[in-house]
*Asks:* 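Shown below is the structure under consideration.
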Amino acid sequence: MRHWGRTSCDEILKKLGSSREGLSTEEARTKAIVYGPNGHSVHEDNEVLRFLRFFWSPLSSVMVSIALANGGGDIVGITALLIFHSAICLVVSNKARNAARASIAAGLAPKTKVLRDGTWTEQLAAVLVPGDVISIKLGDIVPADVCLLEGDPLRIDESALTSSSPPVTKNPGDQIFFGSICAQGEIEAVVIATGANTFFARSGHLVKNTNQAQPLQKKILMAIGKFCICLTALGMMVEIIVMYPIQHRNYRNGIDNLSAILSMAGMDVLCCDKTGTLTLNEFTVDKDLIAVFAKDEDKDGVLLLGARASQVENQDAIDACIVRKLGADITEVHFLPFNPVDKRTAITYVDSDGNWHRVSKGAPEKIIDLCKVGKDVKKKVHDVIGKFADQNLRSLAVAKQAVPEKTKDSAGGPWQFVGLLPLFDPPRHDSAEAIRQALNLGVNVKMITGDQLAIGKETGRRLGMGTNMYPLSLLGQHIVNMTISLSIDEIIERAVGFAGVFPEHKYKIVNSLQEGKHICGMTGDGVSDAPALKEADIGIAVADATDAARGASDIVLTKPGLSVILGAVLTSREIFQRMKSYTIYAVSITIRIVLAFLLLALIWKYDFSPFMVLIIAILNDGTMMTIPKDRVKPSPVPDFLKLGEILATGIVLGTYLAVTTVVFFWAAHKTNFFSDKFGVRSIGDNPHELTAAVYLQVSIGSQALIFVTRSRSWSYIEYPGLQLMSAFFVTQLIATLLTVYANWGFARTNGIGWGWAGVIWLWSIMSYIPLDILKFTIWYAQSGRAWRTLAYNPMAFNTMGSMGKGAMHATQRNVLGLQGLKIFIPSRDMFKSVVQSKGLDNMTIQQHLIEAGKVLVDD
C-alpha cells in the first residue's frame, strides 16, 4: 500500500497513469491483471474441520467413548455410519451455502459510477482499478480507497473504520478509505488502492476479532441445545451411579447461524415510507395548477427554473419528472445535490447573456426560510400547500437569486420566492390490498412520510389505513382533550402514521415501539435512514436503496412495493414454522431416548445397543433433511420462539413417548399379552429379539412425532409435503426390514418376523392418537386462557340454577372493578358540540374513543 500523504490530485493521477478523463477500457484491463479484482477475501472454513464438526457431535462422542471403553466391539460399525452421516451433512451444507452466495452475488453486488473512455457508466465495484475516476454521492459506500478531486467538501461517515459516530468533513485532495459512507455532498474521486491493498483489508484482523451480540431468538435456540445436551449427560450420570454402586452390576459387554428470518416471523409493526413503497414514486407535474408568486415569472418560467435546479444523472424521481416537462439550455457552474437535512437542491449557472444566477428547489418550509418571506406571503404559500395536499398533491417550492459577483462561492443577492410546483405520486395498485392482508396477518402498518400531514391523511384514506396521523410537531408533546391524555409513546402506538418526519425521528419512533414490546420493521432507502434500519428488529432496504441503507439493513428488496415485504413475511413464517416444529421435535426425541432407555436400564437392567441408537439417529436425520421442502401452514399472527412453550411441549410429548416404550417393553418382556391377543411367539426371554422390537417401536414413534409438531391443528388434517411423507415411509420400511431380518451379533439384535412387526406398527399407531390431544392441552395451558377462565369468569362456575339480569351485571361490574362508578355515554349532538367548541379533529377524537373503550367514566 503506497502512502500518498498530501500529494496533490494531479500528481496522484500522473503516478497512477490516469487523467481527469479516467482510464480507457484497455488500460483498465491491463491494470486488472496487475492489481487483481477489487474484492476482499472471505474467511473460508477448512473443509476437513467442517467435516469433523459434523462427525464429532455430543451424541457421537458419547457413543464412541462408551464403545471404546467396552472393548470396541461396536466401534467399526459406529464409526462407518458416523462417517457416512457426516459426509451427507457436509454435502448438503455446501450446496445450501453456495446457492445463497450465488444469489447474493447476482442481485446485491455493489456498483459504482465509473468514467471509462470519457463516458460515465455504472459498473460493478469489483472491476475498479487504481487510476479509475468514480463519482461519489449521498448514500454511497466508498468502493475503494480514493482521493477526492475538485468539488465541494463531503461529509463522510467513518464509523465503520474509526468507531467515531459524527461524520467528518473531507475536502478536495483528502483521502477516503474503502467502507466509508458519504453522508452529504457529491464529488468525483480517483481510485488509489483496491482489494487487499486498501486500508480496510490491512486492518481486517480487527474485524475478525469482533464479537457481535447474539439476537434473543438465537440465544433461545442455544439454550434449547444446551438443555438437550445437559439432559443427556444427566441421564448418563444417573444411570452410571445407580447401575454400578447401587445395583452392583458388571460393566456391560458391548454397549456401548437466521436471526432476521426469526425476527420477521414475529414482526407485528411495520413502519414504511410512503414514497416508493406505498406509492409508485413516479411523479408528474400538473402544469395547470402551478402557483406563481414572482411577478416577473409565469408557469412556464417556474417550471423552467425547477428544471435548471435538477439533475437526471442522480436518478431522482422528482428531478426526472420536472426535466421531462421542460428542458434547460444553460452553462452549469456549480450544483448542490439534495441532502436530507437541507432538503433542497441548488444550481449556480450562467445564462446565454453571461449573467450569473442561482436557483434552488426543495421542501416549501426550507425555501420559505431561505427567502425570508413576510407573514402575508407565508400564509398565502401555506394556503396553496393546503389546497394541493387536499388533492393529494405534493408541493415543491422554487426560488431564485442573482449572483452579481459572478463566483460560485459568493452569497449573491436576495432570494426571491418564485412559486410552487404540484407533484402527484399515485398509490400503487396493490398497496390497499397489501395493507389489508398485513392487518389480517397481525402486522400493523404505519406510514412514515416527510410530506405534509394533509397528504399523508389523504393517502391513508385512499389506502384504507385511516386518517389517525400526526405531524412531526406533536412528537414529544401530550395530546390532551376532554377525556384522553396521550403521551408520545401512546401517540406512536396508536397512530397509523406521521407526516413531516425527518430521518432522525424514524430512529425515535422505532425505539419507542420497541420499548412497547413490539417487534418492529422499518423500511428505508437513504444514508440518513441507516440508524433507524440498524435499530429496527428488521431493517428493510427497499429497491434502489443506497449502499449505506443496504449495509445497515437485514433484508434487501429487489422489487418495489409493500406486497414484496408481505411475501417475505409469509416466507419467513413458513421457515419459522419449520424451525419451530423441528426444535420441539428435537427436545421431545432427546427426552424420549434418554428417559426411555434410562428407565429400561434402571428397572430391568436392560442395555439397549448403542449401534441401534445410531441407526435410529441416522434414519431420523434422513427424514428431517426433507423438512425445508415440507408443506407448512404459516401462522396467521406474528410468531416467535417461546422457550417455556417449547420445553413444556417437548417434555410432555417426550415423556409420553418414553412411557409408551417402557409399557411396551414390560408387556413384551414380563407378560404374554401380545402372544395371547395376537398369536405371536414370546420374545420375553431373548434380549436380542427384545432389542429388535424396541428398536422398531422407538423408530416409528420418533419419526411419526414430526407430523404432530409440524401441524397447528390436527396432524391428520394438515397434510405434509410429498418428500417428507416419502422419506418417512422409506426410512420406516428400512427399519421394519431390519427388525424382521437383521441378525447382527455385534449389535445384539435378531430378526423377529413379520408378525411381531405388524403388532409393533399397531401399537405405534394406537400410541400416536393421543399426541395431538396432549399438544392442544399444553398450548391451552400455556396460553393462560384456562387460568383466566377461572379468574375472570366466575359465573361459569356458579352453583345457582339461574341468575337475573341485575345480578349478572353486578357480578360483571365487580369482576371488572367498576363497582361504584357511573358510566356516562354522551349523545352524538353533545359530542359534536364539544369537539367543535374545542377546535378538535372529530375523526381523530372518535378513533381515540373507540380505542379507549367507547365510554367516558364520570365519578
Side-chain angles (χ1 to χ4, degrees), residues 264 267-284 286 317-318 321 388-394 422-471 492-501 506 509 513 518 520-525 536 538 540-545 555 557-573 634-638 841-844 846-848 850-851:
M264 182 160 259
M267 180 178 70
D268 61 342
V269 177
L270 174 62
C271 300
C272 64
D273 289 326
K274 177 181 75 71
T275 305
T277 303
L278 300 177
T279 62
L280 291 173
N281 196 24
E282 295 177 359
F283 292 92
T284 57
D286 193 333
I318 295 178
C321 84
F388 286 170
D390 291 338
Q391 303 176 61
N392 201 27
L393 297 175
R394 183 174 179 178
L423 305 178
F424 178 62
D425 184 18
R428 291 185 177 276
H429 67 280
D430 60 344
S431 291
E433 177 62 20
I435 291 173
R436 187 188 66 80
Q437 292 179 3
L439 293 175
N440 291 338
L441 292 172
V443 180
N444 183 16
V445 179
K446 295 183 183 292
M447 181 195 303
I448 310 296
T449 178
D451 291 341
Q452 292 90 354
L453 179 62
I455 294 178
K457 286 189 173 184
E458 177 63 18
T459 303
R461 185 190 65 79
R462 294 190 180 194
L463 296 178
M465 299 177 64
T467 59
N468 185 26
M469 297 187 183
Y470 296 100
I492 294 174
E493 177 87 20
R494 302 185 183 190
V496 299
F498 290 93
V501 174
K506 295 182 179 181
I509 292 172
L513 290 169
H518 292 285
C520 181
M522 168 64 77
T523 67
D525 60 357
I538 311 100
I540 304 170
V542 299
D544 300 325
I555 297 174
L557 303 182
T558 57
K559 295 181 180 179
L562 183 62
S563 58
V564 180
I565 301 176
L566 290 185
V569 170
L570 289 173
T571 301
S572 66
R573 290 188 185 180
S635 171
V637 295
D841 183 355
N842 187 16
M843 179 67 70
T844 300
Q846 285 183 353
Q847 288 176 346
H848 285 312
I850 292 173
E851 294 170 358

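Because the structure is predicted, anything quoted here is derived from the model rather than measured.
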*Asks:* Please report the closest heavy-atom contact between A536 and M522, naming both atoms and the distance.
*Replies:*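 Result for this residue pair: CB-CB, 3.8 Å.
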
*Asks:* Minimum heavy-atom separation for S572 and V569, please, with both atom names.
*Replies:*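 Nearest pair, atom of S572 first, then V569: OG-O, 2.7 Å.
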
*Asks:* Kindly determine whether F424 and D286 satisfy side chain to side chain contact (heavy atoms under 4.5 Å, CB included), including the steps that lead there.
*Replies:* CA-CA 8 Å; F424 178 62; D286 193 333; over 6 Å; no

*Asks:* To the nearest 0.5 Å, tell me how far I540 CD1 sits from I538 CD1.
*Replies:*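 So the gap between those two atoms works out to 6.5 Å.
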
*Asks:* If I take atom OG1 from residue T467 and atom NZ from residue K457, how far apart are they, to the nearest 0.5 angstrom?
*Replies:*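 That separation rounds to 5.5 Å.
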
*Asks:* Under the rule for side-chain contact (heavy atoms from CB on, under 4.5 Å), what residues qualify as partners of D430, not counting sequence neighbours?
*Replies:*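 Residues passing side-chain contact (heavy atoms from CB on, under 4.5 Å) with D430: R428, S563.
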
*Asks:* Can you check whether V443 reaches D268 side chain to side chain, under 4.5 Å on heavy atoms?
*Replies:*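 No, too far: nothing below the 4.5 Å cut-off.
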
*Asks:* Is any side-chain heavy atom of V445 closer than 4.5 Å to one of L439?
*Replies:*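 Heavy-atom side-chain distance check fails, nothing below 4.5 Å.
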
*Asks:* Would you check, one step at a time, whether the test side chain to side chain contact (heavy atoms under 4.5 Å, CB included) holds for C271 with V269?
*Replies:* CA-CA 7 Å; C271 300; V269 177; 4.2 Å; yes

*Asks:* How long is the span from the OH atom in Y470 to the CG atom in L453, to the nearest 0.5 Å?
*Replies:*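 Between atom OH of Y470 and atom CG of L453 there are 10.5 Å.
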
*Asks:* Working to the nearest 0.5 Å, report the span between CG of L562 and OG1 of T523.
*Replies:*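 So the CG of L562 and the OG1 of T523 are separated by 8.5 Å.
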
*Asks:* Taking all atoms of both residues into account, what is the closest heavy-atom pair of A495 and K446, and its distance?
*Replies:*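 In terms of heavy atoms, the two residues are closest at O-NZ, 2.5 Å.
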
*Asks:* With a 4.5 Å heavy-atom cut-off, do R462 and S431 have their side chains touching?
*Replies:*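 No, every pair of side-chain atoms sits at 4.5 Å or beyond.
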
*Asks:* Would D425 and R394 pass as an ion pair if we require N to O under 4.0 Å?
*Replies:*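 Looking at R394 together with D425, the answer is no, because their closest N to O distance does not fall below 4.0 Å.
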
*Asks:* Can you tell me if T279 uses its side chain to pair, donor with acceptor, with the backbone of P427 under 3.5 Å?
*Replies:*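 Such a contact is absent between T279 side chain and P427 backbone.
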
*Asks:* First locate atom CG of L423, then atom CG of D451, and finally report the distance between them rounded to the nearest 0.5 Å.
*Replies:*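 The distance works out to 9.5 Å.
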
*Asks:* With rounding to the nearest 0.5 angstrom, report the CE to CD1 distance, M447 to I435.
*Replies:*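 The CE atom of M447 sits 6.5 Å away from the CD1 atom of I435.
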
*Asks:* Using side chain to side chain contact (heavy atoms under 4.5 Å, CB included), reason through K274 and I455 one step at a time and then give a plain yes or no.
*Replies:* CA-CA 10 Å; K274 177 181 75 71; I455 294 178; 4.2 Å; yes

*Asks:* So which heavy atom on G466 is nearest to which on V496, and how close?
*Replies:*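 In this case the closest contact between G466 and V496 is O-CG2, 4.0 Å.
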
*Asks:* For the residue pair L570 and P634, what are the closest heavy atoms and their distance?
*Replies:*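 Heavy atoms of L570 and P634 come nearest at O-CB, 4.2 Å.
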
*Asks:* Under the side chain to side chain contact (heavy atoms under 4.5 Å, CB included) rule, what do V637 and L441 come out as? Steps first, then yes or no, please.
*Replies:* CA-CA 5 Å; V637 295; L441 292 172; over 6 Å; no

*Asks:* Can a side-chain donor-acceptor contact be found between N392 and T459 if the only test is distance below 3.5 angstrom?
*Replies:*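 Judged by distance alone, the side chains do pair up.
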
*Asks:* Measure the shortest side-chain to side-chain distance between E493 and H518 over non-hydrogen atoms and say whether it is less than 4.5 angstrom.
*Replies:*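 When only atoms from C-beta onward are counted, H518 and E493 do touch, with a gap below 4.5 Å.
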
*Asks:* Give me the atom names and distance for the closest heavy-atom approach of A389 to E458.
*Replies:*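 Nearest heavy atoms, A389 then E458: O-CB, 4.2 Å.
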
